[in-house]
Amino acid sequence: MTTSPRSDGPFVMGIDFGTESCRVAIFDIAGTPVTFAATPYRTHHPRSGWAEQSPHDWWEALSASTAQCLTASGLQPEQIAGISYDATTMTVVAMDASGRELRPAIMWMDVRAVAQAKRAEASASVARRYNGDGTGPASPEWYPFKAAWLRENEPDTYRATKYLIDAPDWINYRLTGEWTVNINSAAHRMYYDRDEGGWPEDFYADVGAGDVFEKLPERVLDLGTPVAGLTAGAARDLGLVPGTPVAQGGADAWAGQIGLNVLQPGRMALITGSSHVLSGQSDKALSGRGFFGAYTDGVLPGQYTVEGGQVSTGSVLKWFKDNFAKDVTAAAEAAGRNPYDVLNERSRHLPPGSEGLIVNEYFQGNRTPYTDGQARGIIWGLSLHHGPEHLYRAIQEGVCYGTEHILRSMRTAGLQLEEMVACGGATNSADWMQMHADVTGVPIAITQVGDAAVLGSCILAAAGAGLFDSVQAAADAMVHRTDVVEPDRDRHEEYAYFVDAYIDSYPQLREKIHQVQAHISD
């Protein structure tokens with residue numbers, strides 16, 4: 001993406017380290033994109049359930065993407081007024097006292113720390129409320145468990161580690177030379193809670209990582225806080241100006257929330273793609289079964305963030321398209337059309353509930369409300385009347401039912417929700433967005449810039465550089481709505497029956513599904 005600058009600036013740069021690539025974008029402070037570049041890197045899987053990446057590859061990708069952006073934009077380095085960043089979390093990096101990485105980064109999707117996460121269930125710490133009000137299982141993806149795994153399985157590396165940090169804080173160090181912990185990672189994945197005094201030392205001790213605080217930077221900074229200027233070495237590598245202001249960044253999903261301007265209670269970010277992430281704000285600490293949080297100050301100071309997620313959403317539609325709609329795909333592509341548009345047209349006439357066909361979308365497990373890695377998908381209600389269009393639409397509906405299931409959990413805990421703001425692949429389908437609104441009964445706003453994460457980092461850069469008084473003011477100026485999808489109240493009432501049926505189905509089959517998964521794993 002490249003456009004000619006529409007203003008004389010100032011301009012800001014956002015850096016987004018995703019799972020597959022490093023993306024860099026330049027925006028002006030009206031929220032107009034100037035240019036965008038992405039450079040891929042590899043993920044290594046040394047064992048089943050493990051995933052690692054090389055921080056060296058990250059930096060090389062950042063250098064390449066930054067150079068492409070500057071060249072395509074026609075801007076001079078001194079025209080960049082501020083920088084910020086986001087990255088995947090929990091992607092854990094072990095570094096020595098000289099700032100050298102001691103091993104490959106352990107990626108967010110890495111689940112080697114299952115045994116360590118299991119220990120959380122026996123902890124009486126107040127920190128457990130972050131996992132479903134203390135009743136839900138803890139994810140082996142989160143920081144304390146990976147720290148405990150490293151301590152127990154690679155003791156030499158652990159002893160040599162001066163700082164064991166999350167990927168956003170690695171970026172901050174490489175850009176500024178400063179060691180910090182961003183509040184976003186700390187509150188959302190490391191159990192840090194300012195309301196309870198900060199780090200839950202009892203919880204870390206319970207799971208086997210009680211001494212890791214010696215390996216964490218002392219400063220925990222709010223998002224958008226000015227950190228320092230770009231170092232001479234980083235400026236040389238990236239082709240930028242030394243001293244360019246760098247603002248504290250955070251995790252990619254919540255940069256996306258900022259890039260959607262979901263910064264006030266009553267709103268929920270719906271970030272779509274191969275999976276769904278739901279994240280919203282509350283003015284009080286909420287916790288309960290079926291969602292994560294509420295995280296204290298995790299996005300903005302003085303507020304709490306609640307989180308839910310569906311592991312497989314768009315990926316299940318792709319599974320159907322690739323395996324059961326090859327004829328549609330071939331014909332659509334030959335005609336220069338999107339296969340999903342054709343599938344939407346063929347299934348649009350079906351009533352709510354797809355004439356009795358219900359799909360549970362847990363094809364790759366469940367993040368919330370069950371946090372169940374052994375969960376698998378369910379298709380039920382099939383008859384000889386049903387055809388491919390029924391299954392396609394039932395998958396779409398099943399994803400929406402899963403979203404509503406999470407929202408019901410949050411509402412039960414007291415969350416007041418007035419609207420969602422969506423980005424990502426699902427927003428390309430007006431039919432599917434309307435279905436999300438109809439099933440949930442919540443209006444859904446669409447914004448001008450679909451790449452919300454990198455825009456969110458640019459918003460943090462603008463706030464940190466002093467171009468706005470606050471992150472909220474920067475988001476108000478840089479995020480622009482283009483549409484609002486209103487729910488059809490009659491269809492919402494029709495869907496309620498099928499949502500209930502969807503919710504009832506998995507608990508009745510869970511034990512058998514677990515047994516089958518254990519059997520095929522033997």
Side-chain angles (χ1 to χ4, degrees), residues 114 117-142 144-145 187-191 193 195-196 200 203 206-207 253 265-266 268-270 275-296 298 303-313 360-362 364-378 398-417 420 439-442 496 499-511 513-514:
V114 171
K118 184 71 173 174
R119 296 171 191 160
E121 297 178 15
S123 176
S125 173
V126 68
R128 286 282 286 127
R129 73 174 178 83
Y130 274 17
N131 299 118
D133 198 22
T135 60
S139 170
E141 298 173 5
W142 289 24
F145 317 120
H188 290 217
R189 292 293 181 265
M190 302 167 78
Y191 295 89
D193 188 346
D195 285 353
E196 299 292 338
F203 179 75
D206 289 343
V207 302
M268 178 73 63
L270 175 61
S275 63
H276 275 23
V277 175
L278 293 91
S279 184
Q281 298 298 98
S282 170
D283 57 5
K284 56 185 177 182
L286 303 175
S287 57
R289 285 195 171 199
F291 65 95
F292 300 143
Y295 308 120
T296 307
Q303 294 185 22
Y304 301 86
T305 305
V306 294
E307 174 197 359
Q310 296 166 260
V311 178
S312 47
T313 55
N360 177 297
E361 85 289 2
Y362 301 168
Q364 283 290 109
N366 175 273
R367 183 168 296 144
T368 57
Y370 299 118
T371 315
D372 183 353
Q374 292 182 294
R376 292 296 181 268
I378 304 166
V399 170
C400 296
Y401 300 161
T403 300
E404 170 62 5
H405 192 185
I406 296 167
L407 294 180
R408 286 187 182 186
S409 299
M410 293 177 175
R411 293 186 188 108
T412 298
L415 183 73
Q416 301 296 316
L417 181 60
M420 293 191 284
V439 170
T440 63
V442 179
V499 173
D500 290 343
Y502 162 94
I503 291 173
D504 289 344
S505 61
Y506 181 70
Q508 297 184 55
L509 286 171
R510 175 166 39 200
E511 183 177 353
I513 289 171
H514 284 192

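To the nearest 0.5 angstrom, H405 atom NE2 is 4.5 Å from I503 atom CD1. Remark: Y370 OH to R289 CZ distance equals 10.5 Å, nearest 0.5 Å. Rounding to the nearest 0.5 Å gives a distance of 10.5 Å between OG of S125 and OH of Y130. The distance from atom OH of Y295 to atom CZ of R189, rounded to the nearest 0.5 Å, is 4.5 Å. Distance check: L286 CG to T412 OG1 gives 11.5 Å after rounding to the nearest 0.5 Å. In this structure, OG1 in T305 is found 14.0 Å from CZ in F292, a value given to the nearest 0.5 Å.
No donor-acceptor pair under 3.5 Å is formed between the side chain of S123 and the backbone N or O of R119. One N or O on the side chain of R129 and one on the backbone of A294 form a donor-acceptor pair closer than 3.5 Å. Without hydrogens or angle criteria, Q310 side chain to V399 main chain gives a donor-acceptor distance under 3.5 Å.
Shortest non-hydrogen contact noted between V207 and P144 is CG2-CB, 4.1 Å. When every heavy atom of S139 is checked against every heavy atom of F145, the shortest pair comes out as O-CD1, 3.1 Å. Between V311 and S275 the shortest heavy-atom distance is O-CB, 3.1 Å. The nearest pair of heavy atoms linking F291 to S409 is CE2-O, 3.6 Å. The minimum heavy-atom distance between Y502 and N360, with the atom names listed, is CE1-CA, 3.7 Å.
At a threshold of 4.5 Å between non-hydrogen side-chain atoms, the residues H276 and L270 count as touching. A 4.5 Å side-chain heavy-atom check between N131 and T371 finds every atom pair outside the cut-off.
Considering only residues two or more places apart in sequence or on other chains, R411 meets the salt bridge (Lys or Arg N to Asp or Glu O under 4.0 Å) condition with E404. In terms of the ring pair (Phe, Tyr, Trp, His ring centres under 6.0 Å) criterion, residue partners of Y191 (sequence neighbours excluded) are, by chain and number, W142, F203. Residues passing the side chain to side chain contact (heavy atoms under 4.5 Å, CB included) test with D195, sequence neighbours excluded: D193, T296, Y304.
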Query raised in the report: How far apart are the C-alpha atoms of L415 and S282, what are their side-chain angles, what is the distance that settles it, and do they pass the side-chain contact (heavy atoms from CB on, under 4.5 Å) test?
Result: CA-CA 7 Å; L415 183 73; S282 170; 4.2 Å; yes
Report task. Decide side-chain contact (heavy atoms from CB on, under 4.5 Å) for T403 and L278; before the verdict, give the C-alpha distance in whole Å, the side-chain angles of both, and the deciding distance to 0.1 Å. Result -> CA-CA 8 Å; T403 300; L278 293 91; 3.7 Å; yes
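In the displayed structure, E121 atom CD is contacted under 6.0 Å by more than 12 heavy atoms of other residues, nucleotides or ligands.
With no hydrogens or angles considered, a side-chain donor-acceptor pair links D372 and Y506 at under 3.5 Å. Looking only at atom types and distance, the side chain of E361 has no donor-acceptor partner in the side chain of T313 under 3.5 Å away.
Salt-bridge annotation for E307 and R367: absent, with no side-chain N of the basic residue lying under 4.0 Å from a carboxylate O of the acidic one.
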